[in-house]
Amino acid sequence: MIEEIKQAPMANSGVFDLKKIAANFPETADTMLIDTRLTNEDHASARVFRVYHPAPAHYHATCDEYLMVISGRATFFLGEAPPFEVGPGQLIFFKQGTIHGTPEILEEPFLVLAVDTPRRDPADVIFVNPSDGTPDSFIQSKRLY
């Protein structure tokens, strides 16, 4: 089940130790991803997530997404383009409705900083092939800091 993170209202700014947060992710997961929200504003949200299992073709109907790879390596695809390798320091951007996925994790842990504009509701995960998953099988949210 998707858990909405309940947290106190954010101040006007914040500082997050991504290395410390990354160290708190569990070694395994039943879902494809686990994330922890850093900010949760209507106009944008920021999360750190770890990919545990390949993520099949899906899209988000309500937001654009910026993904910055923190650690690990994986193959990633956007739309009809062939998969490409991503690793630390690379930024991936795509508009709402863009089909994307992670077919293979090449080096673990594969950790990503995500910024969604506007905020992405955790249930906004639409699989191209509905039998590939549901929002509940896709991601679990945990407070890891």
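Count residues from 1 along the sequence.
Side chain of Asp124 to backbone of Ala61: a donor-acceptor contact under 3.5 angstrom is found. For the pair Asp116 (side chain) and Pro118 (backbone), a donor-acceptor distance under 3.5 Å is absent. Under a 3.5 Å cut-off, the side chain of Thr117 and the backbone N or O of Ala44 do not form any donor-acceptor pair. Formation of a donor-acceptor pair under 3.5 Å by the Ser137 side chain with backbone atoms of Thr31 is not found in this model. Remark: the backbone N or O of Val128 is not paired with any side-chain donor or acceptor of Asp132 at under 3.5 angstrom. Between the Tyr145 side chain and the Arg37 main chain, a donor and an acceptor come within less than 3.5 Å of each other. The backbone N or O of Ala29 sits less than 3.5 Å from a side-chain atom of His53, completing a donor-acceptor pair. Side-chain atoms of Thr36 never come within 3.5 Å of backbone atoms of Val48 as a donor-acceptor pair (strictly under, hydrogens ignored).
Between His60 and Glu65, the closest side-chain pair of non-hydrogen atoms falls below 4.5 Å. Put simply, the side chain of Thr62 does not reach to within 4.5 Å of the side chain of Asp121, judged on heavy atoms. Taking 4.5 Å as the limit, every side-chain heavy atom of Tyr52 sits out of range of all side-chain heavy atoms of Ile105. No side-chain heavy atom of Val51 sits less than 4.5 Å from a side-chain heavy atom of Leu111. The closest side-chain heavy-atom distance from Val125 to Arg120 is below 4.5 Å. Residues Ile99 and Phe94 are not in side-chain contact: their nearest non-hydrogen atoms beyond the backbone lie 4.5 Å or more apart. You'll find the side chain of Phe76 reaches within 4.5 Å of the side chain of Leu67, heavy atoms only. Looking only at side-chain heavy atoms (C-beta outward), Phe84 and Val86 come within less than 4.5 Å of each other.
When every heavy atom of Phe127 is checked against every heavy atom of Pro56, the shortest pair comes out as CE2-CG, 3.8 Å. What you find for Pro103 and Pro54 is that their closest heavy atoms are O-CB, 3.4 Å. Contact detail for Phe25 and Phe49: the closest heavy-atom pair is CZ-CA, 4.0 Å. A pairwise comparison of heavy atoms in Phe110 and Gly72 identifies CD1-C, 3.8 Å as the closest pair. Residues Ile70 and Val112 come closest through the heavy atom pair CD1-C, 3.9 Å. Of all heavy-atom pairs between Pro88 and Ser71, the closest is CG-CA, 4.0 Å.
Ionic pairing of Glu85 and Arg73 is present here: one or more N-O contacts between side-chain nitrogen and carboxylate oxygen are shorter than 4.0 angstrom. Note on Lys95 versus Asp64: salt bridge recorded, some NZ/NE/NH1/NH2 to OD/OE distance being below 4.0 Å.
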Assess whether side-chain contact (heavy atoms from CB on, under 4.5 Å) is satisfied between Tyr66 and Leu91, documenting all intermediate values. CA-CA 7 Å; Tyr66 298 80; Leu91 177 68; 4.2 Å; yes
Trace of the side-chain hydrogen bond (donor to acceptor under 3.5 Å, both in side chains) decision for Asn40 with Ser45: CA-CA 5 Å; Asn40 200 21; Ser45 59; 5.0 Å; no
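More than 12 heavy atoms of other residues, nucleotides or ligands sit less than 6.0 Å from atom CG of Asp17.
To the nearest 0.5 Å, the span separating CD1 on Ile139 from CD1 on Ile34 amounts to 9.0 Å. Note that CG of Asp35 and CG of Leu144 are 8.5 Å apart. Values are rounded to the nearest 0.5 Å. How far NE2 of His43 is from SG of Cys63: 13.5 Å, rounded to the nearest 0.5 Å.
No hydrogens or angles considered: a donor-acceptor pair under 3.5 Å links the side chains of Ser131 and Asn129.
In the hydrophobic clustering of this structure, Phe77 groups with Ile126; members are Ile, Leu, Val, Met, Phe, Trp, Tyr whose side-chain heavy atoms approach within less than 4.5 Å, directly or through other members.
Taking the six-membered ring where the residue is Trp, the centroids of Tyr59 and His100 are separated by 6.0 Å or more.
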